[in-house]
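The structure under discussion appears below in the form of structure tokens.
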4 protein chains.
Amino acid sequence: MRDELDKMHEECGVMGIFNGDSVVRNLAMGLYALQHRGQESAGIAVTDGEKVRVSKSMGLVANLANSGKLDNIAENGFAAIGHVRYSSTGSRTLANAQPMLVSCKWGYLAVAQNGNIINAQELRAEMESNGHIFQSTSDSEILLHEISRTKADNLPDAIRIAVKKFKGSFCLLFLTNDSMYVVRDGFGYRPLCFGKKNDSWALASESCAFDLLGVDYVRDIQPGEFLSISKDGVRSEQLIKKDRKAFCIFEFVYFARPDSKIFEQSADKIRRKMGKKLAEESPVDADIVIPCPDSSTTAAIGYSQASGIRFEIGLLRNHYVGRTFIDPSQNVREQKVKLKFNTISGVLKDKKVCLVDDSIVRGTTLKIICKMLREAGAREVHVRIASPPVRFPCSFGMDFPTPGELVANALEPKEVAKLLGVESLGYLSVDGMRECTGSPDDFCGACFDGIYPENGEA
Amino acid sequence: MRDELDKMHEECGVMGIFNGDSVVRNLAMGLYALQHRGQESAGIAVTDGEKVRVSKSMGLVANLANSGKLDNIAENGFAAIGHVRYSSTGSRTLANAQPMLVSCKWGYLAVAQNGNIINAQELRAEMESNGHIFQSTSDSEILLHEISRTKADNLPDAIRIAVKKFKGSFCLLFLTNDSMYVVRDGFGYRPLCFGKKNDSWALASESCAFDLLGVDYVRDIQPGEFLSISKDGVRSEQLIKKDRKAFCIFEFVYFARPDSKIFEQSADKIRRKMGKKLAEESPVDADIVIPCPDSSTTAAIGYSQASGIRFEIGLLRNHYVGRTFIDPSQNVREQKVKLKFNTISGVLKDKKVCLVDDSIVRGTTLKIICKMLREAGAREVHVRIASPPVRFPCSFGMDFPTPGELVANALEPKEVAKLLGVESLGYLSVDGMRECTGSPDDFCGACFDGIYPENGEA
Amino acid sequence: MRDELDKMHEECGVMGIFNGDSVVRNLAMGLYALQHRGQESAGIAVTDGEKVRVSKSMGLVANLANSGKLDNIAENGFAAIGHVRYSSTGSRTLANAQPMLVSCKWGYLAVAQNGNIINAQELRAEMESNGHIFQSTSDSEILLHEISRTKADNLPDAIRIAVKKFKGSFCLLFLTNDSMYVVRDGFGYRPLCFGKKNDSWALASESCAFDLLGVDYVRDIQPGEFLSISKDGVRSEQLIKKDRKAFCIFEFVYFARPDSKIFEQSADKIRRKMGKKLAEESPVDADIVIPCPDSSTTAAIGYSQASGIRFEIGLLRNHYVGRTFIDPSQNVREQKVKLKFNTISGVLKDKKVCLVDDSIVRGTTLKIICKMLREAGAREVHVRIASPPVRFPCSFGMDFPTPGELVANALEPKEVAKLLGVESLGYLSVDGMRECTGSPDDFCGACFDGIYPENGEA
Amino acid sequence: MRDELDKMHEECGVMGIFNGDSVVRNLAMGLYALQHRGQESAGIAVTDGEKVRVSKSMGLVANLANSGKLDNIAENGFAAIGHVRYSSTGSRTLANAQPMLVSCKWGYLAVAQNGNIINAQELRAEMESNGHIFQSTSDSEILLHEISRTKADNLPDAIRIAVKKFKGSFCLLFLTNDSMYVVRDGFGYRPLCFGKKNDSWALASESCAFDLLGVDYVRDIQPGEFLSISKDGVRSEQLIKKDRKAFCIFEFVYFARPDSKIFEQSADKIRRKMGKKLAEESPVDADIVIPCPDSSTTAAIGYSQASGIRFEIGLLRNHYVGRTFIDPSQNVREQKVKLKFNTISGVLKDKKVCLVDDSIVRGTTLKIICKMLREAGAREVHVRIASPPVRFPCSFGMDFPTPGELVANALEPKEVAKLLGVESLGYLSVDGMRECTGSPDDFCGACFDGIYPENGEA
């Protein structure tokens, strides 16, 4: 659903629970809260102390939960890890669904991963030449091979050794018969929260997964941190050291759910600040401010509050989607957008409308929406984007548009406005955006400014 | 999904298209826009001039559209009627799905109905005693029997005679090999819109189904109007005469999509007026106004604008639902609500919160939401309902709660506030609500005031 | 499966059980034994004394049984009727599946029918003109209308009156809240057995359904007999009187399972006699006799025993069928046949082979089989058919080939042999066939001799 | 289906096609002919010259063929290997379905295997300790690891080296982008046939897969032979040398389809000889000889011919099975058997019956059948088994009954007869059985005589 809306794509959500009742059921509910991070497949691996079992399905968490498969693995489970996956076309197979479970010299080992390993293919090629075989195209399989083939004496050491070979973004949850291990890459690209409820520990990409379960957010897993959890308790160490942080700023722009705390701050608060900053940097003469639902509502409220222009709901999302059913003919994209968005002409009629969107990638959907606003009677349409123009590829984005597809790559705002058929277009500045985060230098904004943290390394 | 949220229930949406290309495909898209009126089953009947064929599925329109069944009936179709159904437990079978198609002395005859026949069982009993047989528990089957057994010389006359025997609310679309017939009951309880695009005619419960297809809204079908559509054109007559109108006011309160025009007015506009009126009648000392998403957003914006209290989004809906997957154990309802709603604590923390909801039926969901707001840090919670207390059964509501279940039936607002655990509770008055419609006397508000239009009859 | 083999088609099997434990489960098993009589759909209607409920599925009885639907209706069921359906293309819809259940002035009424009403369309047209509506193309719906609209004081009388209007073949099982009614047409075209086990009564198209359940065969329901079964016991009467019997001889030729007793005789015994008679009438100079499996085995054994020619298995059936998966291209039919039949060349090599088949309709499959025998090394192939040439349409066969398709219609045996590419072809004579039944005049052999019993009526 | 009948179990069938049109479709049809060798899962791997793709499904070949998945991989395919799998409970997962496809240093490599590696776990443990990971419990994954990790310069050499480490029975088909490799173990336990049609080559566990496709049987792949097939042609070499052959004699007793040529002889011919030999060794005073269908028919005909006792069909199999639907209650096994077998009492009544079965394992099904024969009126029942008592575990049989379950393990024939409730029981002798094969010393009959060929090795 999300990908049809011409947005940037997240690449997965992870969750883990160690100890407690109904571990599998609670994990399923936590994954449900993380569903916006990936709708292609969902999976859960669980240990009962003697073996690790895994269950995965294509599609939503609800598919997995309703398949009856979870009942088969839930019994006596005391620790579990789970995964929701978004991925690019072509690799949409169950073979690539996570968690991936293998048997190795240390017994059962499962892993769930959020992030992308930049040097994965290089490592894989080297391993193949050394006689290893691969059954999927997933980074996780490479990782598991790398861990298994170290000369370490034990699994924790093997993980310590192996992950240092990996470049890129990764939040990793490992599960064995009796333990859970957690690693976050040294830059901390992707968020990973750590929580507690009574005597059980939890990890999740976003804190919204905790709220549903009554788990208390404790702190973020630190960039480069390695955590071991067993019946004996939790041990933490700083495994990987980098000289800077590089949190993905797009998590605040669009990815994270507004009610989540990530990177130790509320997504909603930062997003609202971005809306306010946008109002400062790019004011408009308009009668009403409307969000492009649902992701831009907070930014639009911020814009409205800072500008004093009235907030309105002039566009609605239709949430009865399922698999869409439009046949591939003329006007398809337009009708797809019309199936998903409805305009409220009573609100828009004869108004000068300021439409706030969180980001702009290709601009194709936005163009149709602007046309719909005008058809509904809007006198003027002014677009304000609560982030800077996306102009550079994400080093981790498997499904990133090509530079030529990025509307902001070749065109000035005025030209984009003309393309969209609107009176004006304004972006948030890179500095303004970074400022909203409170710690401008701790973020990776490479897709906006072309500065790739990884390149700064030896 | 909707019914789990403890709301009043709509009972179906209908749509018809006569003439034009891709009739079946367009009808499916129109039904998709009406999906909020019924999610239990969907169906389409279509004629190619020689026979009428029907295709139905349980579940969403997308199920029907993706089943491949529509391809089997679409060929050469030039007129079609469709239906989305909501119904009470117990009758959730394909046998009750609509449109219902029969063969009778005038050939094929299909019908799609929105509404409820009050004297259906009485008519059925009489027909059974006269030797008729019934294969479903649907009102539509009774209707078709009644039409077929008249002594009329032709089908239009038979419809004219038969519908006069029916008491209650009904918007009826009939389809034969070559014609479409349309009837709306004399009081006009349910909405029915009439539209046009080039040389094709359309009918729909709400105008939002037209917008998607580029159909222009022409006018409402009048209460008691009988319309005949054939290749020869459209003929209208006033078939049933009542001395008043009785539009269902709950359509404005909750049922209709905000972007729809029904009863010749924009639902969004009326709903906003209700929010404003509520602010006048039941002011509050609060820091922020938040809607109970998604249905109350317009009313909350109205409340905010009239009161000058800041509008905020403090509650979110999670739309990745599918069939829910919670097992039947303790705390189920609470977890169901938590799966569907998320609080944004950054917005709520230490605030005096005014929560605006469109209506209150049992109060069970609202109670949990209020608790969640408080857990998220709200200092005070004030509930404002943009409609009066629901205190009487709807004469047409098959799935209406029993009087004992209606929280407003036995309890004063203060007592309800106590039950919900909030600082205050305020309703819109009956008069205030009626006033917002612009024509107070044209509406049925029996569920609020106990005045049943039908009783006024001889 | 069967229809692809170019055989005559049966049109349904019925079964009923009154009283006893696990009525629904036992009925499902009985239907399973009758599966060869219809694979298009299966259904069961059951009463718990207060209501009749029905469950039907497309496909095999196993589909129905595995769907979980039977659990929903089984509780407290004390009497049930069931049906397996074969039908012609075009009416393969759940709407036509049986039993059909309606509500009428006498309450719930379900019916399961084996047979074909010749004057059904005539009756339907008359009823439509009198204001009745029809939701299917099934004879059973016509029957139920006819019963409901009689002026009788009670249901048994209504059935008595209605069935007299019906011409054709019918074995009818009716189920109400508390009773079961059974009618067989006056000629007794289709078989219907009556059985008993402890205090429960059973009816079935063939006795093989009894054997599985340990039910003892009591007798056949007589042509024209009307049976009422209730908690008060069983009452029989002779309702319809005809001056002759007209059992369908094709039941013995091919339809019935060999282990069944029908028309009060063992199918296997009659079929063996036919094989012996065929050997007398149409001897052959051959090394071995082989059956065309599986239906011709008994006849081939008979032929072998009478002729003294060695019986062998030279052809095998592959029973792993499911839905077949051959794409529609050249040589399809040949490959279909090859998927289903395998030759054993060790048996056939250099032999003069006598292939015995039970009947020949179009001859298309047989032609391919004969070619396969030759490819497997048979020196000569002689075909012997244990029935006469099929030359006339069955008055009840909805799916009967057109006269032009009947290979025996235009061609002499020698010409057919040439068409099949075999050395010789021999049929059983009509008189020989009739003689094998022991009561030659009690059978309808219209498809062989063109004499239609119904025509003899006033 | 087969396993419920208390028979020994086969463990898979394999097929390969190199060159020709419609490779995937033809392979699917070939697998369909091998379906009796495994019904748990089916799969096909195919190369188009640039990549190898695989498609697998649980269940029958028809499931795979009807899933639409084959269309996705069929395009431009010029060589393919396929597999049907039988396996023990517990490993019934898609992860264990074959062919298994991996990527290794030589590119894509797929394998399909019939047989069992005795030292698999030992090899796996060693590989795990060396850092390898495993994603399934299949022998094939071990094999692929072993091949990939050799130090060989090319894939054929790697296969040559790796297979020498494997003890046990194996027929292996490997597929790469451009070649097919074939290996059969040195003893030749399992059959593997080699065929040709125009310019395409084929391999199959049994020749019946060739007949369907018009492929000519050329010869068996020899024990220990290694075959390479590429666009350049076919190269053969003798890779593994053993001092004896050890064909599985159970292939002739029960596994192979009667119309197959395996081990260079017709299964039907050997099976008939066994029946004749049995008649010599264990004569009986009976009126009729009947087979236990369908697998014993040939042996029964042999018995009848040698003894002069009349052959009859007194038992039928019901082939409308699907998943069975009996609930787990008392008498379940008996009803299961009754659902599958029907007695023909006209044949059995008052007769002294000699029932011929191909083998006896636990005896549980046979006991019920004997009881059914008696209930159908048989005066005496004599059982003759066309193989010796099964008394020792098969070294390759993963699903072999425990010694305690083998009815022949502890009991003398007379005691078994008593247990079955029959007048007499006779077996074929080990020497008699071996003699029927024409080369008694080339067969492994360890399950009958306890002599394991592998033990003879250094």
Side-chain angles (χ1 to χ4, degrees), chain A residues 1 22 25 28-29 32-33 35-36 39 59-66 70 208 211-214 257-261 266-269 272 294 297-298 301 304-305 310-313 315-327 329 335 338-339 342-347 372 375-376, chain B residues 1 22 25 28-29 32-33 35-36 39 59-66 70 208 211-214 257-261 266-269 272 294 297-298 301 304-305 310-313 315-327 329 335 338-339 342-347 372 375-376:
Chain A
M1 184 170 68
S22 305
R25 183 175 164 272
M29 285 203 291
Y32 180 86
Q35 187 77 80
H36 60 291
Q39 299 95 46
L60 299 182
V61 179
N63 285 11
L64 179 65
N66 290 324
L70 295 184
C208 63
D211 299 340
L212 183 64
L213 301 171
R257 234 169 68 169
D259 56 328
S260 281
K261 177 177 273 190
S266 155
D268 180 74
K269 279 211 167 156
R272 175 185 311 253
D294 295 333
T297 307
T298 307
I301 288 179
S304 162
Q305 288 171 352
R310 202 168 81 222
F311 176 86
E312 285 287 357
I313 300 290
L315 267 177
L316 290 175
R317 278 282 292 275
N318 185 345
H319 290 287
Y320 294 105
V321 279
R323 278 161 44 219
T324 190
F325 57 90
I326 304 304
D327 56 4
S329 66
Q335 256 176 334
K338 284 190 170 176
L339 272 173
N342 323 309
T343 51
I344 302 182
S345 60
V347 169
M372 287 167 66
E375 287 169 357
Chain B
M1 185 170 72
S22 304
R25 182 175 164 274
M29 285 202 292
Y32 180 85
Q35 187 78 79
H36 60 290
Q39 299 96 47
L60 300 182
V61 178
N63 285 11
L64 178 66
N66 290 324
L70 295 184
C208 63
D211 300 340
L212 184 64
L213 301 171
R257 235 169 68 170
D259 56 327
S260 282
K261 178 178 273 191
S266 154
D268 180 75
K269 279 212 167 157
R272 175 185 311 254
D294 295 336
T297 307
T298 307
I301 287 178
S304 162
Q305 289 170 353
R310 204 169 80 220
F311 176 86
E312 286 286 354
I313 299 290
L315 266 177
L316 292 174
R317 277 283 293 274
N318 187 345
H319 290 287
Y320 293 107
V321 279
R323 278 160 45 216
T324 190
F325 57 91
I326 304 304
D327 56 4
S329 66
Q335 255 176 333
K338 284 191 170 175
L339 272 172
N342 323 307
T343 52
I344 302 182
S345 60
V347 169
M372 287 168 67
E375 287 170 356

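Order of the sequence lines fixes the chain letters, A, B, ..., with proteins taken first and strands second; residue numbering starts at 1 for each chain.
- Contact annotation for A/T297: only side-chain heavy atoms (C-beta onward) come within less than 4.5 Å of a heavy atom of chain B.
- Nearest heavy-atom pair across A/E312 and B/I301 is OE1-CG2, 3.7 Å.
- Taking chain B as the reference chain and counting heavy-atom pairs below 4.5 Å, the highest number among A/T298, A/N342, A/D211 is found for A/N342.
- Neither the backbone nor the side chain of B/E375 comes within less than 4.5 Å of any heavy atom of chain A.
- In this structure, the portion of A/L316 lying under 4.5 Å from any heavy atom of chain B is its side chain and not its backbone.
- When heavy atoms are compared at a cutoff of 4.5 Å, A/I313 approaches chain B by way of both its backbone and its side chain.
- Contact annotation for A/D294: only side-chain heavy atoms (C-beta onward) come within less than 4.5 Å of a heavy atom of chain B.
- Residues passing the salt bridge (Lys or Arg N to Asp or Glu O under 4.0 Å) test with A/D259 are A/R257, sequence neighbours excluded.
- When the candidates B/K269, B/M372, B/R272, B/K261 are compared by the number of heavy-atom contacts under 4.5 Å with chain A, B/R272 comes out ahead.
- Contacts of B/S304 with chain A are absent, with no heavy-atom separation under 4.5 Å from either backbone or side chain.
- The minimum heavy-atom distance between B/I344 and A/P258, with the atom names listed, is CD1-CB, 4.0 Å.
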